[in-house]
Enquirer: 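First the structure, which I've put down as structure tokens, then a few questions once you've had a look.
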2 protein chains.
Amino acid sequence: MNTRLADHVREALEQMIVTGDFADGERLDEIRLAERFNVSRTPLREAFQALAASGLVQLLPRRGAFVRHPAFHEIIEMFEVMAELEAVCGRLAARRVTPQTLEQIKATVIACECAAHAGDSDGYYRENEHFHQLVYIASGNDFLANEAQRLHKRLQPFRRMQLRVRGRMIQSLSEHRLILTALETGDSTTAEAGLREHVAVQGSKFNDLMASYKRSNLRAHSQLVSMRE
Amino acid sequence: MNTRLADHVREALEQMIVTGDFADGERLDEIRLAERFNVSRTPLREAFQALAASGLVQLLPRRGAFVRHPAFHEIIEMFEVMAELEAVCGRLAARRVTPQTLEQIKATVIACECAAHAGDSDGYYRENEHFHQLVYIASGNDFLANEAQRLHKRLQPFRRMQLRVRGRMIQSLSEHRLILTALETGDSTTAEAGLREHVAVQGSKFNDLMASYKRSNLRAHSQLVSMRE
DNA sequence: GTCAAACGTTTTGTATACAAAAACTCATTG
DNA sequence: CAATGAGTTTTTGTATACAAAACGTTTGAC
């Protein structure tokens with residue numbers, strides 16, 4: 001827990017942006033937001049900078065902060081990069097994973113199975129997050145693990161929806177098992193391909209979902225938001 | 001050219017950090033730096049945040065900003081990720097590169113050849129940068145291109161030194177030609193492997209250089225700095 | 001009616017003021 | 001002599017003040 005106002009504001013704004021409280025391109029009014037959060041402009045501007053660094057807002061000099069919802073094709077591009085990053089993690093992990101980490105990964109797969117059986121979607125989601133994070137760490141490259149985690153987090157709102165697609169949880173689970181086996185046997189090729197596909201299919205599912213909502217030419221996120229209920 | 005003081009300060013500090021004006025772990029004194037740059041603490045703190053976002057300083061709450069020189073093994077890890085990112089760029093570029101971009105890439109290879117013949121190390125460096133940037137763009141994935149460019153920039157100070165190794169320029173050049181041919185013929189496998197090796201060898205060269213300077217157990221960057229003259 | 005220039009308003013970027021947390025000093029105690 | 005703690009200093013985080021840039025609006029020229 002952090003005592004800095006700037007961090008609280010950043011988190012709150014991040015949440016608001018991701019959940020679609022602002023339209024794409026909308027300007028974030030320092031003064032109004034400041035009085036809304038009961039803080040001065042200083043921590044707000046700090047939050048703006050942090051959000052700009054992670055790509056959620058665009059900071060134009062002497063103009064202000066504008067929320068930047070990724071366009072549909074940008075999300076697809078991010079999924080493509082995510083697939084490649086995870087593929088690399090898998091390839092390296094097959095060679096470098098430690099017995100302890102392998103045990104932990106196996107535990108998350110089992111936990112995923114339990115959650116799937118119980119129909120516990122939230123539980124599955126949580127264990128799935130854990131599974132991927134462990135694969136990043138298993139790569140033995142901390143820098144890579146950090147980068148992967150960063151992009152993973154950025155794609156979170158777009159990944160979340162595709163898990164709700166019919167049958168996706170079962171399919172995802174069998175992919176996890178395939179990857180686990182590859183890691184256990186040190187089969188780097190299969191681990192690489194398995195993870196690339198596992199993530200790429202998420203991008204495809206997202207693509208499919210979007211395609212079925214393409215009545216308007218709104219940007220992807222607005223569509224996502226309108227889907228929430 | 002930007003009129004914001006914060007940006008000038010960030011650039012100046014960035015330069016100072018990578019050229020080794022600060023020791024690893026050294027605290028950046030807001031007040032002293034402020035009067036040194038003739039600005040108030042506000043733009044300085046903005047600069048700190050930006051530098052923290054790109055990993056050059058660590059920001060500890062209620063403690064201050066501390067410069068963070070990557071340890072040797074972290075640099076090796078970054079080179080490993082860079083190699084994989086460029087490999088992906090190459091694989092995608094072999095399939096997606098446009099005729100215009102291909103022409104531009106060919107032009108940089110020729111310019112590199114000229115510079116190498118003339119013994120123009122700076123010219124070679126410049127055209128080499130251009131070559132890689134074009135490959136990123138040729139991937140057809142702007143997000144990937146941005147990420148690659150970001151890491152490329154971060155590795156710049158460590159890449160620069162290995163180009164001075166005897167014979168490296170000629171070797172680098174022939175690698176460029178191999179990659180160019182692969183892109184021209186749409187050979188994604190060769191383009192991928194070529195770029196991975198091309199970057200990995202940079203990491204190895206860096207590794208070699210460091211190994212020969214391992215008398216002390218100083219962190220890598222301090223060693224790099226002491227090598228400058 | 002359209003364009004442009006002058007004026008007033010809003011908003012950003014920077015400086016400064018201030019409160020609270022951390023660091024430091026140094027005397028005191030076990 | 002080490003450890004502890006009160007009191008002081010330093011430093012960070014936040015609020016506020018202010019100058020200058022961007023924006024909007026009205027007025028005037030064509």
Side-chain angles (χ1 to χ4, degrees), chain A residues 1-18 20-69 150 153, chain B residues 1-18 20-69 150 219:
Chain A
M1 181 216 73
N2 201 319
T3 67
R4 293 175 79 253
L5 294 182
D7 291 338
H8 286 144
V9 171
R10 183 187 53 70
E11 277 173 44
L13 279 176
E14 189 172 305
Q15 192 62 24
M16 291 170 73
I17 291 173
V18 170
D21 289 12
F22 303 105
D24 181 49
E26 186 174 344
R27 179 171 142 274
L28 295 176
D29 190 320
E30 286 184 10
I31 303 166
R32 265 200 309 168
L33 286 172
E35 56 193 36
R36 173 151 178 206
F37 287 119
N38 275 309
V39 298
S40 77
R41 285 174 53 217
T42 311
L44 250 168
R45 290 172 60 86
E46 266 192 51
F48 284 177
Q49 282 203 257
L51 293 170
S54 55
L56 270 67
V57 312
Q58 191 176 12
L59 229 44
L60 298 180
R62 307 237 176 232
R63 295 307 218 50
F66 300 84
V67 325
R68 170 120 178 68
H69 289 166
R150 209 169 48 85
K153 199 204 160 206
Chain B
M1 179 217 72
N2 202 321
T3 66
R4 294 175 77 251
L5 294 181
D7 291 339
H8 286 144
V9 171
R10 183 187 53 70
E11 278 174 43
L13 279 176
E14 189 173 305
Q15 191 63 25
M16 290 170 74
I17 290 173
V18 298
D21 288 14
F22 302 103
D24 181 48
E26 186 174 346
R27 179 172 142 273
L28 295 176
D29 189 320
E30 286 184 10
I31 303 165
R32 266 199 310 166
L33 286 171
E35 58 194 32
R36 172 148 178 210
F37 286 121
N38 274 308
V39 297
S40 78
R41 283 174 54 218
T42 311
L44 250 170
R45 289 173 60 86
E46 267 192 51
F48 284 176
Q49 282 203 255
L51 294 170
S54 56
L56 270 68
V57 313
Q58 190 177 10
L59 229 46
L60 299 180
R62 307 240 177 228
R63 296 306 214 53
F66 300 83
V67 324
R68 169 119 179 69
H69 290 165
R150 207 168 50 86
R219 297 196 125 192

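Order of the sequence lines sets the chain letters (A, B, ...), proteins ahead of strands, with each chain counted from 1.
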Enquirer: Starting from C1' on C:dA15, measure out to CG on B:Leu33 and report it in whole angstrom.
Expert: 17 Å
Enquirer: Starting from P on C:dA15, measure out to CZ on B:Arg41 and report it in whole angstrom.
Expert: 12 Å
Enquirer: Measure from CD on B:Glu30 to C1' on C:dA15 and round the result to the nearest Å.
Expert: 14 Å
Enquirer: Under 4.0 Å between a side-chain N/O of A:Ser40 and OP1 or OP2 of D:dT14, yes or no?
Expert: no
Enquirer: Taking all non-hydrogen atoms of both residues, which atom of B:Glu14 and which atom of B:Leu56 are closest, and how far apart?
Expert: CG-CD2, 3.8 Å
Enquirer: Measure CD/A:Glu35 against P/D:dT14 and give the value in whole Å, please.
Expert: 19 Å
Enquirer: B:Leu28 has an atom CG; how far is it from atom P of D:dT12, in whole Å?
Expert: 10 Å
Enquirer: What is the distance, to the nearest angstrom, from the CG atom on B:Asp29 to the P atom on D:dT10?
Expert: 12 Å
Enquirer: Tell me which residues in residues 44-60 of chain A put a heavy atom below 4.0 Å from DNA chain D, sorted by number, or none.
Expert: none
Enquirer: Report the residue (A:Thr42 or B:Gly64) whose heavy-atom-nearest nucleotide on DNA chain D is the more 5′ of the two.
Expert: B:Gly64
Enquirer: Do you know which two heavy atoms are closest between A:Ala53 and B:Ala53, and how far apart they sit?
Expert: CB-CB, 3.8 Å
Enquirer: Looking at side-chain heavy atoms only, is the closest gap between A:His69 and A:Ile17 below 4.5 Å?
Expert: yes
Enquirer: Show your working on side-chain contact (heavy atoms from CB on, under 4.5 Å) between A:Thr3 and B:Arg62 and close with a plain yes or no.
Expert: CA-CA 9 Å; A:Thr3 67; B:Arg62 307 240 177 228; 3.7 Å; yes
Enquirer: Could you pull out every donor-acceptor pair under 3.5 Å between side chains of residues 27-35 of chain B and any protein atom, sequence neighbours left out?
Expert:
residue: B:Asp29; atom: OD1; partner: B:Ile31; partner atom: N; Å: 3.0
residue: B:Asp29; atom: OD1; partner: B:Arg32; partner atom: N; Å: 3.2
residue: B:Glu30; atom: OE1; partner: B:Arg41; partner atom: NE; Å: 2.6
residue: B:Glu30; atom: OE1; partner: B:Arg41; partner atom: NH2; Å: 3.1
residue: B:Glu30; atom: OE2; partner: B:Arg45; partner atom: NH1; Å: 2.8

Enquirer: Which atoms form the tightest heavy-atom contact between B:Arg4 and A:Pro61, and what is the distance?
Expert: CD-CB, 3.8 Å
Enquirer: Does atom CZ of B:Arg36 have more than 12 heavy-atom neighbours from other groups under 6.0 Å away?
Expert: no
Enquirer: Quick check: closest heavy atoms across A:Ala65 and A:Leu59, and the distance to 0.1 Å?
Expert: CB-CD1, 3.4 Å
Enquirer: So which protein nitrogen or oxygen atoms get under 3.5 Å of nucleotides 20-23 of chain C's nitrogens or oxygens?
Expert:
residue: C:dA22; atom: O3'; partner: B:Arg63; partner atom: NE; Å: 3.3
residue: C:dA23; atom: OP1; partner: B:Arg63; partner atom: NE; Å: 2.8
residue: C:dA23; atom: OP1; partner: B:Arg63; partner atom: NH2; Å: 3.4

Enquirer: A:Leu5 has an atom CG; how far is it from atom P of C:dA19, in whole Å?
Expert: 16 Å
Enquirer: Decide yes or no on side-chain contact (heavy atoms from CB on, under 4.5 Å) for B:Phe37 and B:Leu13, but give the supporting numbers first.
Expert: CA-CA 10 Å; B:Phe37 286 121; B:Leu13 279 176; 4.1 Å; yes
Enquirer: Does B:Arg27 put a side-chain nitrogen or oxygen below 4.0 Å from OP1 or OP2 of D:dT12?
Expert: yes
Enquirer: Between A:Arg4 (CZ) and D:dT12 (P), how many Å, whole number?
Expert: 12 Å
